[in-house]
Chemist: 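Before we start, here is the structure in question, set down as structure tokens.
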Amino acid sequence: DAGITQSPRHKVTETGTPVTLRCHQTENHRYMYWYRQDPGHGLRLIHYSYGVKDTDKGEVSDGYSVSRSKTEDFLLTLESATSSQTSVYFCAISLGGEQFFGPGTRLTVL
Amino acid sequence: GESVGLHLPTLSVQEGDNSIINCAYSNSASDYFIWYKQESGKGPQFIIDIRSNMDKRQGQRVTVLLNKTVKHLSLQIAATQPGDSAVYFCAEPRNTGNQFYFGTGTSLTVIP
């Protein structure tokens with residue numbers, strides 16, 4: 001997994017509660033990404049980062065925010081979770097033109 | 001806009017047979033493609049890539065073919081094994097930010 005960990009790996013929460021997912025990498029990669037994966041949609045980009053405090057929106061960024069205060073950590077926050085945000089979330093880093101993925105976080109919003 | 005798609009959502013093959021998974025793309029300017037394998041409960045893993053100046057690239061038991069005329073690429077797995085059971089999808093780069101478009105995937109099931 002190119003030194004990428006995600007936490008938590010599983011989470012169940014209720015509608016309206018805030019949720020933060022963490023991606024941690026150990027190899028000083030500049031680019032980091034958050035995706036969600038849903039049946040029939042493949043991987044869709046939520047937000048990405050190209051350096052500390054440098055982030056930008058992806059194609060499905062509504063309802064999500066991110067922060068990157070240090071190189072190794074990229075946080076994804078759902079300010080007020082909704083059932084439509086039930087999904088599997090993957091973090092990725094970019095290395096040599098390829099993307100390497102973390103193990104994923106399965107989030108269920110009831 | 002650009003899109004990456006797959007012809008078949010599921011594929012079942014007998015162990016030992018060869019598998020072929022297809023992918024269509026729409027951006028003729030794409031110069032690089034990647035195939036990923038995703039096992040159940042895990043993140044996608046890089047299998048093989050190919051640049052647009054190539055028609056074919058071989059790896060260990062896998063071959064990727066690129067047909068730029070019809071904007072199609074395929075992943076061939078030789079002598080398919082039970083451990084090959086997974087979802088396979090292709091990816092092509094977007095124009096900015098080291099980003100990729102990902103296909104929805106084909107689920108390969110290997111029958112022992």
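Basis for what follows: all heavy atoms, side chains included, without hydrogens, waters or symmetry-related copies. On a predicted model such as this, the values are computed, not experimentally measured, just so you know. In what follows, chains carry the letters A, B, and so on, assigned in the order in which the sequence lines appear, proteins first and then strands, with residues in each chain numbered from 1.
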Chemist: Tell me every residue that passes salt bridge (charged side-chain N to carboxylate O under 4.0 Å, His left out) with A/Lys70, counting only those two or more places apart in sequence or in another chain.
Modeler: A/Asp73
Chemist: Do A/Tyr31 and B/Tyr36 share a hydrophobic cluster (ILVMFWY, side-chain heavy atoms under 4.5 Å, transitive)?
Modeler: yes
Chemist: In terms of hydrophobic clustering (I, L, V, M, F, W, Y; side-chain heavy atoms under 4.5 Å; direct or indirect links), are B/Val62 and B/Tyr88 co-clustered?
Modeler: yes
Chemist: In residues 51-59 of chain B, which residues are in contact with chain A at a heavy-atom separation under 4.5 Å?
Modeler: none
Chemist: Does B/Phe100 have its ring centroid less than 6.0 Å away from the ring centroid of A/Tyr33?
Modeler: no
Chemist: Look at atom NZ of B/Lys42 and say whether more than 12 heavy atoms of other residues, nucleotides or ligands are closer to it than 6.0 Å.
Modeler: no
Chemist: Excluding sequence neighbours, so at least two apart, what forms salt bridge (charged side-chain N to carboxylate O under 4.0 Å, His left out) with A/Asp38?
Modeler: A/Arg36, A/Arg44
Chemist: Does the ring centre of B/Tyr101 sit less than 6.0 Å away from the ring centre of A/Tyr35?
Modeler: no
Chemist: Check whether more than 12 heavy atoms from other residues, nucleotides or ligands sit under 6.0 Å from atom CD of B/Gln14, and answer yes or no.
Modeler: yes
Chemist: Measure A/Gln6 against the heavy atoms of chain B and call it side chain, backbone, both or neither at under 4.5 Å.
Modeler: neither
Chemist: Evaluate the side-chain contact (heavy atoms from CB on, under 4.5 Å) criterion for residues A/Glu98 and B/Tyr32: first the C-alpha distance (whole Å), next the side-chain angles of each, then the deciding distance (0.1 Å), finally the verdict.
Modeler: CA-CA 10 Å; A/Glu98 300 167 12; B/Tyr32 179 62; 3.2 Å; yes
Chemist: Could you label the plane-to-plane angle of the B/Phe46 and A/Phe100 rings as parallel, tilted or perpendicular, counting under 30° as parallel and over 60° as perpendicular?
Modeler: tilted
Chemist: Is any side-chain heavy atom of A/Phe90 closer than 4.5 Å to one of B/Gln38?
Modeler: yes
Chemist: State whether the number of non-hydrogen atoms from other residues, nucleotides or ligands found under 6.0 Å of B/Glu15 atom CD is greater than 12.
Modeler: yes
Chemist: Taking all atoms of both residues into account, what is the closest heavy-atom pair of B/Pro44 and A/Leu43, and its distance?
Modeler: CG-CD1, 4.0 Å
Chemist: List in chain and number order the residues that pass salt bridge (charged side-chain N to carboxylate O under 4.0 Å, His left out) with A/Arg9, two or more places apart in sequence or in another chain; answer none if no residue qualifies.
Modeler: none
Chemist: Shorter than 4.5 Å, heavy atoms on both sides: which option in A/His41, A/Gln37, A/Arg106 has the most such pairs with chain B?
Modeler: A/Gln37
Chemist: Linking I/L/V/M/F/W/Y whenever any side-chain heavy atoms sit under 4.5 Å apart, do B/Ile47 and B/Val64 land together?
Modeler: yes
Chemist: Honestly curious: do A/Leu76 and A/Val60 fall in one hydrophobic cluster under the side-chain, below-4.5 Å linking rule?
Modeler: yes
Chemist: Starting from A/Leu95, can I reach A/Met32 by hopping between I/L/V/M/F/W/Y residues whose side chains sit under 4.5 Å apart?
Modeler: yes
Chemist: Does A/Leu45 reach the side chain of B/Phe102, with side-chain heavy atoms less than 4.5 Å apart?
Modeler: no
Chemist: Quick one: pull up CZ in A/Phe101 and CD in B/Gln45 and give me the separation to the nearest 0.5 Å.
Modeler: 11.0 Å
